[in-house]
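Take a look at the structure set out below.
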Amino acid sequence: MSVLKNDLLLKALRGEQTSRTPVWMMRQAGRYLPDYIKLREKYSFFERCQNPELATEITVMPVDQVGVDAAIIFSDILVVPQAMGMEVQLVEKVGPLLPSPIKGAADLQRLSVPDVNDSLHYVFDALSLTKKTLDGKVPLIGFAGAPWTLLCYMVQGKGSKTFDEAKAFCFQQPAVAHQLLQMITDTTIAYLKAQVKAGADCVQIFDSWGGLLSPQDFETFSLQYIRQIVAALKTVCPTIVFAKGAWFALEDMAATGAHGLGVDWCIPPHLARQFAGENVTLQGNFDPARLLSPIPEIEKAVKTMMKGFGNQRYIANLGHGILPNVPVDHARAFVDTVKANG
Ligand SMILES: Cc1c2[nH]c(c1CCC(=O)O)Cc1[nH]c(c(CCC(=O)O)c1C)Cc1[nH]c(c(CCC(=O)O)c1C)Cc1[nH]c(c(C)c1CCC(=O)O)C2
């Protein structure tokens with residue numbers, strides 16, 4: 001395994017001094033990149049994920065074309081429900097569709113905690129090939145969805161602004177919900193450990209819908225499972241927890257021992273730092289829609305963000321995934337501005 005030539009991200013996560021701020025963008029692999037859009041015409045989404053050569057090609061694209069300081073493996077959080085036994089489709093322009101969602105205890109019979117080396121081996125193959133292809137250029141990030149966010153899709157069956165059916169399931173059948181969350185957690189721990197074995201240098205847990213829960217419900221249905229995952233991974237690699245909208249839980253999330261915490265644009269940097277404390281790296285928090293501003297305004301806003309977070313224990317990123325309609329030169333302006341001011 002080659003030594004990393006750029007280890008800014010890992011240094012920032014470990015709390016070591018960095019010579020400048022590392023930068024990457026959530027959902028940087030795909031969507032807005034013209035070369036990715038071309039591949040989309042030829043292969044279905046899961047074909048792209050399951051073919052290690054294609055997944056590697058897409059993973060490396062933003063490193064070469066936008067200049068980010070880390071690669072994140074091209075895959076999706078929904079490969080875990082798929083491996084547990086659910087049918088998952090990705091419908092063009094609609095998003096994820098799970099035609100037979102979980103509605104009650106009987107539906108859990110259809111699910112299993114799978115042997116990840118069997119059902120998700122293609123992700124590990126993609127990680128190994130990507131690691132080799134990167135040749136130490138930048139670190140490689142592995143990832144998984146948080147149990148709560150995966151439950152949202154497994155119960156609701158599709159995307160939603162409120163995930164009201166998923167919440168109703170948790171509130172009406174809490175014992176079944178906790179059984180499901182534990183199955184997802186057990187699968188995820190094995191999955192992330194195997195990602196590290198295959199070449200991931202650190203991992204991020206995406207809790208995209210954490211902020212839909214009240215602080216008490218976030219603890220009950222999300223954080224206690226994230227805590228298990230972080231505890232299991234802590235000695236294996238640095239972990240980043242990104243719970244969108246869950247600014248209220250920054251202090252509790254820092255107490256899990258995660259190395260990094262993602263924050264969205266709804267909280268100013270100084271409050272994020274105040275809530276999270278000094279012993280964790282913060283990552284974020286540029287409004288993805290702000291990448292649609294003219295480039296000079298992007299540059300100004302990035303500098304303001306960086307001043308707010310300071311230049312240590314900080315990773316510049318967006319506050320959620322990059323939007324599909326962002327021009328590549330705007331994404332590049334974001335990355336270049338961080339590098340020039342870091
Ligand atoms: C909620 C969620 C999903 N997937 C993911 C999340 C958590 C992060 C977030 O909240 O944005 C995570 C994800 N999905 C994808 C990645 C790849 C790595 C990266 O670039 O960060 C990652 C990290 C590829 C993808 N996953 C998907 C695409 C688009 C499909 C395509 O290009 O054909 C990509 C590039 C499909 C997907 N997958 C999902 C949705 C809602 C959609 C449809 C909408 C969309 O994002 O375009 C579920």
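Both counts, for ligands and for their atoms, begin at 1 and track the order of listing.
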Greater than 12 external heavy atoms within 6.0 Å of [X]'s [atom1]:
{"X": "K11", "atom1": "NZ", "value": "no"}
{"X": "K307", "atom1": "NZ", "value": "no"}
{"X": "R290", "atom1": "CZ", "value": "no"}
{"X": "K339", "atom1": "NZ", "value": "yes"}

Identify the protein heavy atom lying closest to [atom], giving its residue, its atom name and the separation to 0.1 Å.
{"atom": "atom 23 (C) of ligand 1", "value": "F143 CZ, 3.4 Å"}
{"atom": "atom 44 (C) of ligand 1", "value": "R31 NH2, 4.1 Å"}
{"atom": "atom 31 (C) of ligand 1", "value": "Y36 OH, 3.3 Å"}
{"atom": "atom 30 (C) of ligand 1", "value": "F45 CD1, 3.7 Å"}
{"atom": "atom 9 (C) of ligand 1", "value": "H320 NE2, 3.2 Å"}
{"atom": "atom 2 (C) of ligand 1", "value": "I77 CD1, 3.4 Å"}
{"atom": "atom 4 (N) of ligand 1", "value": "D76 OD1, 3.0 Å"}

Measure the acute angle between the ring planes of [X] and [Y], then classify it against the limits of 30° and 60° as parallel, tilted or perpendicular.
{"X": "F45", "Y": "F74", "answer": "perpendicular"}
{"X": "Y314", "Y": "F309", "answer": "parallel"}
{"X": "H320", "Y": "F242", "answer": "tilted"}

Do L8 and L140 share a hydrophobic cluster (ILVMFWY, side-chain heavy atoms under 4.5 Å, transitive)?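 No, separate clusters.
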Return a yes/no value for [X]: is any of its N or O atoms, backbone included, closer than 3.5 angstrom to an N or O of ligand 1?
{"X": "W209", "value": "no"}
{"X": "T149", "value": "no"}
{"X": "A29", "value": "yes"}
{"X": "Y153", "value": "no"}

Given R40, Q204, R27, identify the one with the heavy atom nearest to atom 21 (O) of ligand 1.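 Looking at heavy atoms only, the winner is R27.
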For atom 15 (C) of ligand 1, state which one of G30, S75, S208 supplies the nearest heavy atom.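 Selected option, by shortest heavy-atom distance: S75.
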Report, in ascending order of atom number, the atoms of ligand 1 lying under 4.0 Å from any heavy atom of [X].
{"X": "R48", "result": "31 (C), 32 (O), 33 (O)"}
{"X": "L90", "result": "36 (C), 37 (C)"}
{"X": "I72", "result": "18 (C), 19 (C), 20 (O), 21 (O)"}

In this structure, does ligand 1 have an atom that sits under 4.0 Å from one of the heavy atoms of M25?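 Flag not set, M25 not near ligand 1.
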Does I73 have a non-hydrogen atom less than 4.0 Å from ligand 1?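 Distance cut 4.0 Å: I73 passes for ligand 1.
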Specify side chain, backbone, both or neither for P96, according to which of its non-hydrogen atoms lie closer than 4.0 Å to ligand 1.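 Near ligand 1, P96 shows its side chain, while the N, CA, C and O stay back.
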Heavy atom under 4.0 Å from ligand 1: found in T59's side chain, backbone, both, or neither?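 Within the 4.0 Å criterion, T59 makes no contact with ligand 1.
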Name the one of L233, T239, V236 that satisfies side chain to side chain contact (heavy atoms under 4.5 Å, CB included) with L192?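 When L233, T239, V236 are each tested with L192, the side chain to side chain contact (heavy atoms under 4.5 Å, CB included) holds only for L233.
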What do the steps show when you test H330 against Y32 for ring-ring contact (aromatic ring centres under 6.0 Å, His included), and what is the final call? CA-CA 11 Å; H330 287 216; Y32 65 107; over 10 Å; no
Apply the hydrophobic cluster definition, ILVMFWY joined by side-chain contacts under 4.5 Å directly or through others, and give me every member besides V91.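 Other cluster members: V94, L97.
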Determine whether the side chains of D69 and N6 contain a donor N or O and an acceptor N or O closer than 3.5 Å.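 Indeed, the side chains of D69 and N6 share at least one donor-acceptor pair under 3.5 Å.
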